[in-house]
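Have a look at the structure below before the remarks.
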Protein chains: 2
Amino acid sequence: MIETDVFAAGRQHFSVECPSRLLFDQIADKWSMMVLTVLDPGPMRFNGIKRQLEGVTQKALTDCLRRLERNGLVSRRVIPVSPIGVEYEITPLGRTLQVPFKALYRWTLEALPQVEAARAAFDARREEAVR
Amino acid sequence: MIETDVFAAGRQHFSVECPSRLLFDQIADKWSMMVLTVLDPGPMRFNGIKRQLEGVTQKALTDCLRRLERNGLVSRRVIPVSPIGVEYEITPLGRTLQVPFKALYRWTLEALPQVEAARAAFDARREEAVR
DNA sequence: CCGTATCCGATCCGATACTG
DNA sequence: CAGTATCGGATCGGATACGG
């Protein structure tokens, strides 16, 4: 039984090279999910994206876009104007990722209150343990 | 319009404190997804989990379980035997997370071939550019 | 068995400066 | 406008040792 069947019945064994990790590492970073969301309505230029993502640095965004491009989730198109323009667009493959991403995003919104309550309870228990 | 509506129509603005990131950071780490999967069939003890996760260190697993516990996604129960035993179990809240996680996991499996092709193409383009 | 503590190298990320 | 280059702090994760 290989890891593809991991969600079938039975207890599974995960190796470090679990196939899910090969991709999960690349998209579970700080900005990827938001970049894809920003690009959802249509193509956008570098600084346009940057303006939507408050707090992102140029380096972080460049790295993120480069990684998304390498993985085939966004495409990059140079517009030969002066000064130069670069437009990023979500690919069909990137759009397929949005489906599970949106599900996860909705989960975070729905679960947040419960998680915050759990955190408060946990931290309170730790406080208690110190005394 | 706040970020809750981010998947509705229109271009959105993301601040650093996007509510999704408050949680996403915590669960998008190296082992959380696999830990929840391993715990899916039922409760398990520390070293039992560790044995399923080939390559995880004690520290990494402890940190991961602690974080999952703090966020209310798993529960921890000390079994007063000698030597001591500790059992981890997925919580009802944790189970709700499995739904989007499984969707994402399936996506990684389905998309992997296309992503690998995209990577190869990207890397080939870079090679080309060097020459 | 189940941790915690410590060190330590790798890596991420932001800040800054510079370029076509 | 859209990068690249570089530096340094913070954080992550592995290895190891030790304790209840």
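Quantities reported herein were computed from a predicted structural model and do not represent experimental measurements. Chain naming here is simple, since letters A, B, ... match the order of the sequence lines and numbering starts at 1 in each.
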Whole angstrom is fine here: how far is it from [atom1] in [X] over to [atom2] in [N]?
X: I79(B); N: dG3(C); atom1: CD1; atom2: P; answer: 11 Å
X: I49(A); N: dC1(D); atom1: CD1; atom2: P; answer: 13 Å
X: M44(A); N: dC1(D); atom1: CE; atom2: P; answer: 13 Å

| Does the T37(A) side chain pair with the main chain of M33(A), one donor and one acceptor, at a distance under 3.5 Å? | yes
| message | Counting C-beta onward and ignoring hydrogens, is there a side-chain heavy-atom pair between L65(B) and W31(B) closer than 4.5 Å? | response | no
| query | Taking C-beta and beyond as the side chain, do R119(B) and N71(A) meet within less than 4.5 Å on heavy atoms? | reply | yes
| field | Protein proximity profile, nucleotides 2-17 of chain D - base contact B, sugar-phosphate-only contact S, no contact -, cut-off 4.0 Å on heavy atoms | value | BBB-B------BBB--
| So, D40(B) and R95(B), do they make that salt bridge, N to O below 4.0 Å? | yes
| query | Should R67(A) and D63(A) count as an ion pair when the cut-off is N to O under 4.0 Å? | reply | no
